[in-house]
2 protein chains.
Amino acid sequence: MGTPDLDVLPPDLSAHVGYLLVRAGKHAQRLFSAQIAALGLRPPLADVVILLRARGSLSQVEIATTLAIERAHLVALLDQLEALGFVLRSADPSDRRRHAVTLTEAGTTAAERLGGMAEAVEGLLLADLSEEEREQFRSLLQRMARRAEEGD
Amino acid sequence: MGTPDLDVLPPDLSAHVGYLLVRAGKHAQRLFSAQIAALGLRPPLADVVILLRARGSLSQVEIATTLAIERAHLVALLDQLEALGFVLRSADPSDRRRHAVTLTEAGTTAAERLGGMAEAVEGLLLADLSEEEREQFRSLLQRMARRAEEGD
DNA sequence: TATTGTTATACTCTATAACTATA
DNA sequence: TATAGTTATAGAGTATAACAATA
């Protein structure tokens with residue numbers, strides 16, 4: 001449906017950081033999803049492409065643990081990225097269990113376009129905040145993300 | 001899987017508010033989901049209960065639009081809440097198309113426990129922030145949520 | 001004609017267990 | 001025995017269209 005009606009929503013929900021984070025996260029996901037559909041991609045596929053551009057060749061387990069994707073799920077994602085011609089799986093001579101996953105040229109081009117699309121989404125999300133507020137928000141959010149990474 | 005490895009994640013992802021929001025939102029959802037499982041509830045069910053406690057009797061369309069749930073989806077949610085004994089659908093004499101949805105006594109009790117659980121999640125999410133930082137973050141997040149509610 | 005609740009369908013994301021081949 | 005990739009299955013959340021009853 002989109003977004004809730006904050007003016008009618010009781011404070012029990014709208015004043016809670018947890019609820020607002022869930023809503024904002026889904027909103028951000030929808031915006032990004034709409035952008036990247038032009039490339040035939042969905043968010044988890046895009047994340048893999050962006051990661052590979054930054055880090056070069058990686059094994060499937062490395063991709064999965066870095067992005068917090070189940071390695072079982074990653075299999076289908078890479079199948080789709082291969083079908084799109086964005087990614088290659090090649091044998092790793094040093095360990096024949098492993099696949100070295102790399103971007104193709106088309107994948108690299110897509111990664112660059114994804115970068116621009118991510119920036120566009122940033123602009124929409126942060127439209128109402130001043131430059132100083134954006135930095136504040138980013139910094140606080142990163143600390144929360146680090147916290148989430150650990151214990152809970 | 002849980003959370004990504006921020007120390008390995010390239011800045012292309014970890015510096016973006018959009019990506020961090022998605023991650024933090026899913027994390028918050030998981031924390032809340034784990035808490036409320038003790039009541040036999042999942043997040044969308046809990047949202048309905050919390051809304052009804054605050055607003056009293058509502059029609060299904062009113063619940064759906066306030067919470068940004070598809071009214072088609074809400075039908076199954078209310079079926080489950082009725083089965084749990086938390087909610088009642090009664091005829092609205094003034095408009096026979098409408099159902100007046102209200103909390104039962106068990107539903108009201110559950111709503112109170114949900115309030116405490118939501119507070120516990122807030123504590124976990126904001127554990128690393130000072131009181132001043134929490135207010136900053138909440139305020140900025142609310143402005144983003146309002147923005148999301150409109151155009152984009 | 002428009003709205004309320006409903007049914008049905010389908011797609012995405014996620015979680016889990018178990019298998020194989022290699023180490 | 002442990003690890004990398006794979007297959008299969010199931011659940012939750014979401015989006016859409018179409019229908020009957022009522023306004």
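None of these values were measured; they are calculated from a predicted model. Below, chain A is the first sequence line, B the second, and so on; all start at residue 1.
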Requested in this report: Report the residue (A/R23 or A/R98) whose heavy-atom-nearest nucleotide on DNA chain D is the more 5′ of the two.
Outcome: A/R98
Query - Sidechain-backbone polar pair: B/R134 side chain, B/L126 backbone, donor-acceptor under 3.5 Å - result: yes
Report task. Let me know the distance between CD of B/E62 and P of C/dT3, rounded to the nearest Å. Result -> 15 Å
Query - Touch class at under 4.0 angstrom, heavy-atom based, for B/H73 against every strand present - result: base
Report task. Would you please confirm or rule out a distance under 4.0 Å between OP1 or OP2 of D/dT22 and any side-chain N or O of B/R96? Result -> yes
Requested in this report: Mind running salt bridge (Lys or Arg N to Asp or Glu O under 4.0 Å) on B/R138 and B/E122 for me, showing each step along the way?
Outcome: CA-CA 11 Å; B/R138 198 190 323 269; B/E122 293 289 285; 3.6 Å; yes
Report summary line: B/L77 CG to C/dT7 P, in whole Å, measures 13 Å
Requested in this report: Let me know the distance between NE2 of B/H27 and P of C/dT14, rounded to the nearest Å.
Outcome: 15 Å
Query - Length of the CZ-C1' vector between B/R71 and C/dA2, whole Å - result: 11 Å
Query raised in the report: Is it the case that more than 12 heavy atoms not belonging to B/E112 sit under 6.0 Å from its CD atom?
Result: yes
Report task. Among the candidates D/dG13, C/dA17, D/dA17, find the nucleotide nearest to the side-chain atoms of B/P44. Result -> D/dG13
Query raised in the report: At under 4.0 Å between heavy atoms, what does B/V75 touch on the DNA or RNA strands: base, sugar-phosphate, or nothing?
Result: base
Query - A/Q29 vs A/P93, nearer the 5' end of DNA chain C by closest nucleotide - result: A/Q29
**Report entry** B/R143/A/D128 ion pair, N-O < 4.0 Å
**Finding:** no
Report summary line: Rounded to whole Å, the CZ-P distance (B/R42 to C/dA15) equals 15 Å
**Report entry** Any side-chain donor near an acceptor of the partner, B/Q80 and B/R42, under 3.5 Å
**Finding:** yes
Report task. Give the rounded distance in Å between these two atoms: CD of A/E70 and C1' of D/dT7. Result -> 14 Å
Query raised in the report: Between A/L74 (CG) and D/dG5 (P), how many Å, whole number?
Result: 8 Å
Requested in this report: Would you indicate, yes or no, if D/dA21 has its OP1 or OP2 atom less than 4.0 angstrom from a side-chain nitrogen or oxygen of B/R97?
Outcome: no
Report task. Take the protein atom CG of B/D95 and the nucleotide atom P of C/dT4, then report the distance between them rounded to whole Å. Result -> 8 Å
Query raised in the report: When the nearest nucleotide of DNA chain D is assigned to A/K26 and to A/V61 on a heavy-atom basis, which residue is associated with the more 5' position?
Result: A/V61
Query raised in the report: For A/R30 and D/dA15, is the shortest distance between a side-chain N/O and OP1 or OP2 below 4.0 Å?
Result: yes
Query raised in the report: Does OP1 or OP2 of D/dA4 have a side-chain N or O of A/R89 closer than 4.0 Å?
Result: no
**Report entry** Upstream residue (5' side of DNA chain C) when A/S33 and A/S94 are each assigned their closest nucleotide
**Finding:** A/S33
